**Q** 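One structure follows; several queries about it will come next.
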Amino acid sequence: MSYYKASATNPWCYTWISFLGINSQNYIYQMMKKTNDIYIIHNLAQLFEDINLSENQMQTKSLANDLKFYFDVNYAEKLILKDIAKKFGIHPNYLTRIFHEKFHLSPKQYIMQLK
């Protein structure tokens, strides 16, 4: 059992949010990279304002970087390249080729290194 008490001078608040869409993981990743503050998610609009982030500043990542991020987040799960390729709307051979070109490792080698 745990007990938490907010500071009387600097209290915290809770907000539940949910994301839909294929870029939601990227938004959270970008927000968390931009700050040293600890967020156990707080008002999303306020979070964007706190870290001075606008959607225009979000860089479009390459597909290889998107795949790497997906592997980084999900490496503990059973990852099947065919299923991942389908999720990204590409052929498994293309997934392997672009990942290898960017990171000089096959996706399987990269995932094994993560584990």
Side-chain angles (χ1 to χ4, degrees):
M1 183 174 279
S2 298
Y3 174 75
Y4 297 96
K5 183 176 180 182
S7 165
T9 57
N10 189 16
W12 16 271
C13 66
Y14 291 98
T15 303
W16 292 95
I17 60 172
S18 67
F19 295 94
L20 296 174
I22 59 173
N23 287 324
S24 59
Q25 285 182 328
N26 288 335
Y27 293 144
I28 290 295
Y29 176 72
Q30 290 295 326
M31 287 186 298
M32 296 307 165
K33 250 178 47 173
K34 294 264 185 185
T35 182
N36 290 328
D37 292 335
I38 298 171
Y39 287 98
I40 305 174
I41 303 285
H42 128 3
N43 181 311
L44 187 57
Q46 184 64 45
L47 180 57
F48 275 114
E49 186 178 314
D50 287 352
I51 61 176
N52 196 25
L53 183 69
S54 72
E55 196 163 342
N56 294 335
Q57 292 172 310
M58 305 283 280
Q59 295 179 2
T60 304
K61 294 182 171 190
S62 74
L63 183 55
N65 286 337
D66 289 343
L67 290 165
K68 182 180 179 293
F69 179 73
Y70 183 86
F71 297 147
D72 290 345
V73 170
N74 296 291
Y75 73 91
E77 304 295 323
K78 182 178 180 183
L79 298 176
I80 300 168
L81 290 183
K82 181 178 156 187
D83 295 340
I84 296 166
K86 186 176 181 180
K87 180 183 287 256
F88 280 84
I90 58 176
H91 192 277
N93 293 346
Y94 181 66
L95 181 155
T96 300
R97 188 183 66 181
I98 63 167
F99 193 88
H100 190 273
E101 285 175 2
K102 173 89 180 194
F103 300 109
H104 308 291
L105 288 170
S106 73
K108 288 181 182 182
Q109 290 170 324
Y110 182 73
I111 292 166
M112 292 305 295
Q113 283 184 358
L114 287 172
K115 291 182 179 196

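Computed from a predicted structure; not experimentally measured. Along the sequence shown, the residues carry numbers beginning at 1. These values consider heavy atoms only, across backbone and side chains, with no hydrogens, waters or symmetry-generated copies.
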**Q** Of all the heavy-atom pairs spanning P107 and L95, show the shortest one and how long it is.
**A** CG-CD2, 3.6 Å
**Q** For the residue pair K115 and E77, what are the closest heavy atoms and their distance?
**A** NZ-O, 4.0 Å
**Q** Could you list the residues that satisfy ring-ring contact (aromatic ring centres under 6.0 Å, His included) with Y75, not counting sequence neighbours?
**A** none
**Q** If you count the non-hydrogen atoms of other residues, nucleotides and ligands that lie under 6.0 Å from NZ in K82, is the total more than 12?
**A** no
**Q** Indicate the ring-plane relationship of F71 and Y110, choosing parallel, tilted or perpendicular according to the 30° and 60° boundaries.
**A** tilted
**Q** I'd like to know if D72 and K68 make a salt bridge, using a cut-off of under 4.0 Å between side-chain N and carboxylate O.
**A** yes
**Q** Would you compute the distance between atom NZ of K108 and atom CG of L79 and round it to the nearest 0.5 angstrom?
**A** 11.5 Å
**Q** Does the plane of the ring in F99 sit parallel, tilted or perpendicular to the ring in F103? Use 30° and 60° as the thresholds.
**A** tilted
**Q** Rounded to the nearest 0.5 Å, how far apart are CD1 of I90 and CZ of R97?
**A** 10.0 Å
**Q** Looking at CG of L67 and CZ of F88, how far apart are the two atoms once the value is rounded to the nearest 0.5 Å?
**A** 4.5 Å
**Q** Given the rule that I, L, V, M, F, W and Y join up when any side-chain heavy atoms are under 4.5 Å apart, are I84 and M112 in one cluster?
**A** no
